[in-house]
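Structure record follows, encoded as structure tokens.
In what follows, chains are A, B, ... by sequence order, proteins preceding strands, each numbered from 1.
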Protein chains: 2
Amino acid sequence: MATQKDVAKLSGLSQATVSLVLNDITDGLVSLKTIKKVNKAVLDLGYRPNRLARALRTSKTMTVACVIPDITNPYYPSLVRGVQVACENAGYDVIIVNTDAKRDRELHFFDLALQGRVDGLLGFFFHLDVSDFGILVEKGIPVVRLGSDLGNKFSAKIDNIHTDNISAARDLTDHMITKGHTKVSMIAGLGGPQLERVNGYKSAITNNKLVESIQLTDEFTEKGGFDATKSLFKLGASPSAIIAANDLMAIGCMRALRNLGLSIPEDVAVAGFDDIPASSLVTPSLTTVNLFQQDLGGVAARLLIERLTGEQNGPPKRQEHPYEIVQRNSA
Amino acid sequence: MATQKDVAKLSGLSQATVSLVLNDITDGLVSLKTIKKVNKAVLDLGYRPNRLARALRTSKTMTVACVIPDITNPYYPSLVRGVQVACENAGYDVIIVNTDAKRDRELHFFDLALQGRVDGLLGFFFHLDVSDFGILVEKGIPVVRLGSDLGNKFSAKIDNIHTDNISAARDLTDHMITKGHTKVSMIAGLGGPQLERVNGYKSAITNNKLVESIQLTDEFTEKGGFDATKSLFKLGASPSAIIAANDLMAIGCMRALRNLGLSIPEDVAVAGFDDIPASSLVTPSLTTVNLFQQDLGGVAARLLIERLTGEQNGPPKRQEHPYEIVQRNSA
DNA sequence: CTGTTAGCGCCTTCAT
DNA sequence: ATGAAGGCGCTAACAG
């Protein structure tokens with residue numbers, strides 16, 4: 001690999017001058033002839049700046065880490081894409097890491113920043129609290145946390161962008177009620193934003209003086225949705241509408257309903273959350289809540305980059321991200 | 001951030017000794033007391049090695065790039081996950097970049113390696129040929145190319161792992177024929193492995209002395225599958241089985257069939273390729289070909305890492321990856 | 001057993 | 001307008 005030294009030798013200049021030209025610090029200081037000489041040598045040698053050396057010198061890696069539970073969970077790819085587009089536009093690379101929503105792994109990837117591997121972090125940290133983030137905050141490493149707003153319980157000095165899952169669930173439940181449903185059940189798993197969604201559901205049910213009917217399960221997957229729906233009916237519920245805490249569960253719920261000989265949405269209406277790609281592909285297509293994941297990724301990445309560049313240096317932000325009910329054929 | 005110098009000062013040793021201890025080059029050379037002193041100082045200071053400095057010195061970044069067209073294409077997330085798991089186990093980080101299958105972007109990410117940002121590359125390069133890869137080969141940067149085996153046309157000295165799409169398509173077509181179908185049509189887009197799949201289909205049709213019926217479309221998406229199917233029938237074909245060049249198209253095909261009042265698989269059987277997550281979720285569930293993406297990612301990553309570590313230094317490999325027909329309810 | 005020395009490639013004052 | 005010199009944090013000979 002050609003280095004600045006090689007370029008300097010070939011162009012008969014010093015390495016320092018080459019550096020100046022390459023970094024465009026030529027404010028009428030470097031002669032045009034010199035600049036041309038350098039550029040020619042750069043081309044001839046196929047010189048590429050070594051980013052590691054530059055990073056070591058400037059202590060800026062121009063790389064950020066995007067921390068997610070699992071890229072194979074259909075919620076995440078578009079979010080990741082949003083992050084990557086925003087970062088690329090700003091000249092940053094992205095390292096993506098999967099935590100499987102495990103605390104030790106969430107913490108483990110702090111090392112990326114502590115070892116000077118990346119300039120900042122953004123992503124989902126379900127199990128970390130103020131003291132955990134303290135390590136990074138102390139060292140001045142910016143973090144943008146996604147997911148629920150933990151409110152006052154969570155006073156870490158980092159940015160947080162969240163979706164108002166409570167309102168979203170309330171709206172979705174109201175949507176069912178508006179359509180005339182009076183027996184609305186909910187199925188949910190545990191973890192992530194699912195509890196907030198249950199709370200939003202409860203709130204809508206209470207406001208409308210209806211009766212709660214909630215079936216929990218441990219896994220928030222297609223199978224979880226199938227099982228929870230079966231349990232629901234086995235335990236005597238006979239809802240005319242079911243809200244699932246995410247789309248995978250909703251799709252499992254639909255399979256269970258067909259299995260029970262019920263038609264959708266005529267006998268039972270179904271809705272979910274996340275608007276994953278499969279939601280528009282199943283039959284009937286699934287009514288759900290779009291959380292604008294790609295946009296969320298973009299917003300988060302831009303905020304992180306603003307922190308990195310110093311464009312943004314105010315107090316930690318608590319930002320909310322919009323959602324939208326997508327009405328399709330299942331409800 | 002604490003450095004080795006700080007650790008040395010605190011423990012009253014030289015920085016070089018600290019480095020030895022930290023790199024575990026202590027083969028009975030360093031006294032136990034010294035080791036303990038260093039370890040204590042490391043803990044007290046919360047010292048973390050700076051990986052950039054190490055990388056600059058050793059010219060090993062312990063990072064690889066995974067180059068894919070688009071992470072939001074459901075074929076890729078599990079492949080990426082396979083890559084990440086394998087790399088993590090070997091102590092490597094992964095940078096994922098999206099090319100959108102555009103030539104200039106495929107080429108653009110060579111810079112990651114040329115700038116010393118990553119040690120090697122692995123991924124899909126649909127538009128690059130021998131001379132393009134030459135840049136990397138010259139510098140001794142390992143690349144593992146995924147996707148079709150270009151055979152003799154492609155003589156770049158890099159590893160290649162491919163799926164035998166021709167055989168897979170032939171097998172899938174035979175599967176339909178074995179089930180008694182004599183009018184089997186195919187719908188396909190352009191690009192990626194789709195043409196090979198068309199060729200496999202043709203081969204099976206010819207072997208069985210049946211008549212070809214192929215409908216091409218420009219986009220290999222759900223919509224593309226819908227449109228192609230509509231065209232197929234509009235142009236007078238009346239297949240009893242349709243093979244789509246990927247699952248998204250197959251799902252679009254199923255929508256079109258329902259739209260035409262045909263039931264699946266009774267009136268028309270449908271099958272696709274890729275076994276994307278949605279395939280098991282649609283109704284009827286889709287018969288398809290599992291390409292073992294996650295495993296493919298793992299194999300590719302391990303091969304790349306073997307090249308990196310020098311464990312593997314033979315001639316470029318041409319490796320084939322298995323596939324398997326997954327029979328579900330659509331055919 | 002431990003310390004000295006010499007860079008990896010780059011940026012950045014400070015001289016000239 | 002250009003060059004010399006120092007150092008970012010680390011590893012790796014080579015001495016002692």
Side-chain angles (χ1 to χ4, degrees), chain A residues 1-39 41-42 45-63 111-119 139, chain B residues 1-39 41-42 45-63 111 113-119 139-140:
Chain A
M1 296 290 325
T3 70
Q4 284 190 356
K5 208 157 125 187
D6 301 325
V7 175
K9 199 187 299 176
L10 186 63
S11 54
L13 296 162
S14 83
Q15 181 254 15
T17 306
V18 173
S19 176
L20 285 181
V21 173
L22 258 34
N23 289 289
D24 214 24
I25 313 183
T26 53
D27 283 341
L29 296 173
V30 180
S31 74
L32 204 67
K33 211 195 313 182
T34 313
I35 295 179
K36 285 192 173 163
K37 268 198 277 187
V38 171
N39 287 334
V42 164
L45 291 169
Y47 166 81
R48 304 282 173 152
N50 180 319
R51 284 192 51 179
L52 289 175
R54 177 180 292 176
L56 180 59
R57 184 59 233 247
T58 61
S59 49
K60 286 187 203 310
T61 63
M62 300 303 282
T63 305
D111 275 3
L112 286 172
L114 295 175
Q115 300 181 348
R117 195 73 196 61
V118 303
D119 294 338
K139 315 248 178 205
Chain B
M1 294 294 320
T3 71
Q4 284 190 356
K5 209 158 126 187
D6 300 326
V7 175
K9 199 187 298 174
L10 186 62
S11 55
L13 296 161
S14 84
Q15 181 255 15
T17 306
V18 173
S19 176
L20 284 182
V21 174
L22 258 34
N23 289 291
D24 215 25
I25 312 182
T26 54
D27 283 340
L29 295 175
V30 181
S31 76
L32 205 68
K33 212 193 317 182
T34 313
I35 296 179
K36 285 194 174 163
K37 268 199 279 190
V38 171
N39 287 334
V42 164
L45 291 169
Y47 166 81
R48 304 282 174 153
N50 180 320
R51 284 193 49 180
L52 289 175
R54 176 180 295 174
L56 179 59
R57 185 58 234 245
T58 61
S59 51
K60 286 184 200 314
T61 63
M62 299 304 282
T63 305
D111 275 2
L114 296 175
Q115 299 181 350
R117 197 72 197 66
V118 302
D119 294 338
K139 314 247 177 204

### Query
Looking at D:dC8, D:dT2, D:dA12, which one has an atom nearest to any side-chain atom of A:Leu13?
D:dT2
### Message
Regarding A:Gln4, tell me which of base, sugar-phosphate or nothing describes its non-hydrogen contacts under 4.0 Å with the strands shown.
### Response
sugar-phosphate
#### Entry: A:Lys37 vs A:Gln15, nearer the 5' end of DNA chain D by closest nucleotide
A:Lys37
#### Entry: Non-hydrogen side-chain atoms of B:Val21 and B:Leu13 separated by less than 4.5 Å
no
### Query
To the side chain of B:Arg57, which of C:dG9, D:dG9, D:dT2 is closest?
D:dG9
### Task
Could you please spell out the steps behind the side chain to side chain contact (heavy atoms under 4.5 Å, CB included) verdict for B:Tyr47 and B:Leu22?
CA-CA 11 Å; B:Tyr47 166 81; B:Leu22 258 34; 3.3 Å; yes
### Task
May I ask you to say what A:Thr34 touches in the nucleic acid, namely base, sugar-phosphate or nothing, with a heavy-atom cut-off under 4.0 Å?
sugar-phosphate
### Query
Given that B:Ala53 and B:Gly12 both sit by DNA chain C, which one's nearest nucleotide is further toward the 5' end?
B:Gly12
### Message
Let me confirm one number: the CG-CD distance from A:Asp6 to A:Gln4, rounded to the nearest 0.5 Å.
### Response
10.0 Å
### Query
Taking the side chain of B:Thr17 as heavy atoms from C-beta outward, which of D:dG3, D:dG9, C:dG3 is closest to it?
C:dG3
### Message
For A:Lys139, I'd like to know if atom NZ has over 12 heavy atoms of other residues, nucleotides or ligands within 6.0 Å.
### Response
yes
### Task
Consider the side chain of A:Asn23, meaning its heavy atoms from C-beta on, and name the nucleotide among C:dC11, D:dT11, D:dC10 that approaches it most closely.
C:dC11
### Query
To the nearest Å, how far apart are A:Leu22 CG and C:dG9 C1'?
12 Å
### Message
Any side-chain N or O of B:Ser19 below 4.0 angstrom from OP1/OP2 of D:dT11?
### Response
yes
### Task
Ignoring backbone atoms, establish whether B:Thr58 has a side-chain N or O less than 4.0 Å from OP1 or OP2 of D:dC10.
no
### Message
Between P on C:dC11 and NZ on A:Lys5, what's the gap in Å once rounded to a whole number?
### Response
15 Å
### Query
Taking CE from B:Met62 and C1' from D:dC10, how many angstroms apart are they, rounded to a whole number?
15 Å
### Summary
note: B:Leu45, atom CG; D:dG9, atom C1'; distance rounded to Å ~ 15 Å
### Task
Let me know the distance between CZ of A:Arg54 and P of D:dG7, rounded to the nearest Å.
22 Å
### Task
Rounded to the nearest angstrom, tell me the gap between atom CG in A:Leu20 and atom P in C:dT12.
9 Å
### Query
Considering only side-chain heavy atoms of A:Ser14, which listed nucleotide, C:dC10, C:dC1, D:dG3, is closest?
D:dG3
### Summary
Whole-Å distance, A:Lys9 NZ to D:dG3 C1', equals 17 Å
### Query
Are any side-chain N or O atoms of B:Arg51 and backbone N or O atoms of A:Gly116, one a donor and one an acceptor, separated by less than 3.5 Å?
no
### Message
Just N and O in the side chain of A:Asn50: are any of them under 4.0 Å from OP1 or OP2 of C:dC8?
### Response
no
### Query
Quick one: A:Leu56 CG to C:dG7 P, roughly how many Å, whole number?
17 Å
